[in-house]
Amino acid sequence: MRPATIKNQVSSGGVIFRTNADKTEIALIAVKGGNVLSLPKGIVDKGESPEETAVREVREETGLRGRIKDKIGEISYWYYIKGENARCRKTVHFYLMEYLSGSTKDHDAEVDDAAWFPLDEALGKVSYKGDREIIEKAKGMIKKIE
Ligand code: ATP
């Protein structure tokens, strides 16, 4: 087989949070038949800023509207696209967002589910190390805000 081509993708996503009576919750999405729990994110479209993508993807994937407070950081990982024989390096920018409105019942059909989780429970439940590191950072940032 010919050698794999290399692709680069940039996505953007968010940690959307709400705090009630000192309890902070964040929203996660379930994908791959509900087997993978992760932070909402998606490809940065042409003409879109990473901030706009993050707000749009959080709204589409979780049903929730949020306002960006700050940048959390970025992660990157490699994966293989079989149909294209391509190795893809994906970079994902993440933003901390305060919850404004909306319900997780309104998540789009692309994801299997969306739900609120207590922050510390979310840390133990996400499937990817990169997401966990981003949530850890978000936790520190939320503590400073509140
Ligand atoms: P996007 O949500 O950016 O539009 P997508 O759903 O097409 O993209 P990814 O979610 O990046 O694609 O998934 C592509 C591959 O990378 C899958 O095999 C997935 O399991 C894996 N993957 C997704 N997120 C991570 C992560 N944070 N760390 C490592 N691997 C990941």
Side-chain angles (χ1 to χ4, degrees), residues 1-18 24-145:
M1 193 158 78
R2 65 192 163 76
T5 53
I6 304 292
K7 281 183 89 169
N8 276 295
Q9 280 180 350
V10 179
S11 280
S12 189
V15 174
I16 185 166
F17 74 97
R18 66 178 183 189
T24 298
E25 294 179 310
I26 67 167
L28 297 178
I29 57 163
V31 293
K32 301 199 175 200
N35 294 315
V36 168
L37 273 179
S38 75
L39 289 168
K41 57 124 179 69
I43 302 272
V44 178
D45 287 338
K46 266 215 180 90
E48 219 178 22
S49 67
E51 288 87 351
E52 286 166 340
T53 308
V55 170
R56 176 179 58 75
E57 288 287 344
V58 166
R59 190 184 64 237
E60 289 173 2
E61 294 195 328
T62 68
L64 307 173
R65 283 204 321 120
R67 180 195 294 135
I68 292 181
K69 300 288 282 183
D70 212 342
K71 171 125 195 222
I72 303 169
E74 60 254 326
I75 62 169
S76 59
Y77 52 91
W78 285 93
Y79 71 100
Y80 183 67
I81 309 172
K82 237 185 186 171
E84 300 178 29
N85 185 30
R87 275 176 37 78
C88 184
R89 181 185 154 90
K90 180 171 288 201
T91 300
V92 191
H93 300 275
F94 279 104
Y95 295 86
L96 183 64
M97 286 181 210
E98 68 180 340
Y99 167 70
L100 294 176
S101 62
S103 163
T104 51
K105 282 186 216 137
D106 297 324
H107 70 80
D108 72 14
E110 250 178 63
V111 303
D112 298 303
D113 202 6
W116 289 104
F117 289 86
L119 187 51
D120 286 320
E121 194 182 321
L123 273 170
K125 286 214 160 148
V126 284
S127 306
Y128 303 115
K129 183 169 143 265
D131 283 0
R132 198 168 309 124
E133 287 167 2
I134 290 294
I135 297 169
E136 279 287 6
K137 277 195 196 167
K139 186 178 170 179
M141 292 167 75
I142 293 166
K143 264 192 199 146
K144 277 192 191 155
I145 294 171

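This is a predicted model, so every value here is computed, not measured. In each ligand, atom 1 is the first atom listed, and ligand 1 is the first ligand listed. Below, all heavy atoms of this structure are taken into account, side chains as well, without hydrogens, waters or symmetry copies.
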> Looking only at protein heavy atoms, identify the closest one to atom 17 (C) of ligand 1 and say how far it is in Å.
K32 NZ, 3.6 Å
> Output yes when the distance from some N or O of ligand 1 to some N or O of Y77 is under 3.5 Å, and no in every other case.
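Yes, Y77 has an N/O under 3.5 Å of an N/O on ligand 1.
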> Taking ring-ring contact (aromatic ring centres under 6.0 Å, His included) as the test, write out the residues that go with Y99, two or more places apart.
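If we apply the ring-ring contact (aromatic ring centres under 6.0 Å, His included) test to Y99, skipping adjacent residues, the hits are W116.
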> So which of Q9, K90, K129 gets nearest to atom 3 (O) of ligand 1, if we judge by its closest heavy atom?
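That would be K90.
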> Considering only protein heavy atoms, determine whether one is less than 4.0 Å from atom 13 (O) of ligand 1.
no
> Judged by non-hydrogen atoms, does S38 sit under 4.0 Å from ligand 1?
no
> Can H107 and D113 be said to form a side-chain contact (heavy atoms from CB on, under 4.5 Å), step by step?
CA-CA 7 Å; H107 70 80; D113 202 6; 3.9 Å; yes
> Of all the heavy atoms in S11, does at least one lie under 4.0 Å from an atom in ligand 1?
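Right, S11 reaches ligand 1.
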> Stepwise, does the side chain to side chain donor-acceptor pair (under 3.5 Å) test hold for E133 with Y128?
CA-CA 9 Å; E133 287 167 2; Y128 303 115; over 6 Å; no
> For S127 and L37, indicate whether the former's side chain and the latter's backbone hold a donor-acceptor pair under 3.5 Å.
yes
> Looking only at distances, please establish whether an N/O atom of ligand 1 is found under 3.5 Å from an N/O atom of K41.
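For ligand 1, there is an N or O atom that lies under 3.5 Å from one belonging to K41.
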> Is the side chain of R87 donor-acceptor paired with the backbone N or O of A4 at a distance under 3.5 Å, no angle test?
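No: the side chain of R87 does not pair with the backbone of A4.
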> Is the contact between E57 and ligand 1 made by the side chain, the backbone, both, or neither, using heavy atoms and a 4.0 Å cut-off?
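Neither; nothing of E57 gets under 4.0 Å from ligand 1.
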> Please list, in number order, the atoms of ligand 1 under 4.0 Å from a heavy atom of G42.
1 (P), 2 (O), 3 (O), 4 (O)
> Any ion pair linking R67 and E98 (charged N to carboxylate O, less than 4.0 Å)?
yes
> Tell me the contacting part of V36 for ligand 1: side chain, backbone, both, or neither, using a 4.0 Å heavy-atom threshold, strictly below.
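Neither part.
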> Numbering the atoms of ligand 1 from 1, which are under 4.0 Å from a heavy atom of I75?
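Result: 27 (N).
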> Starting from the C-alpha separation in whole Å, work towards a yes-or-no answer on side chain to side chain donor-acceptor pair (under 3.5 Å) for T53 and E48.
CA-CA 6 Å; T53 308; E48 219 178 22; 2.7 Å; yes
> Check step by step if side-chain contact (heavy atoms from CB on, under 4.5 Å) holds for K139 and D120.
CA-CA 9 Å; K139 186 178 170 179; D120 286 320; 2.8 Å; yes
> Of all the non-hydrogen atoms in the protein, which one sits nearest to atom 19 (C) of ligand 1, and at what distance?
Y128 OH, 3.3 Å
> If we ignore hydrogens and angles and just use 3.5 Å, is the side chain of D131 paired with the main-chain N or O of L39 as donor and acceptor?
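Here the side-chain-to-backbone pair exists.
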> Find all atoms of ligand 1 within a distance of less than 4.0 Å from any non-hydrogen atom belonging to I43, and give their numbers and elements.
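Answer for ligand 1: 3 (O), 4 (O).
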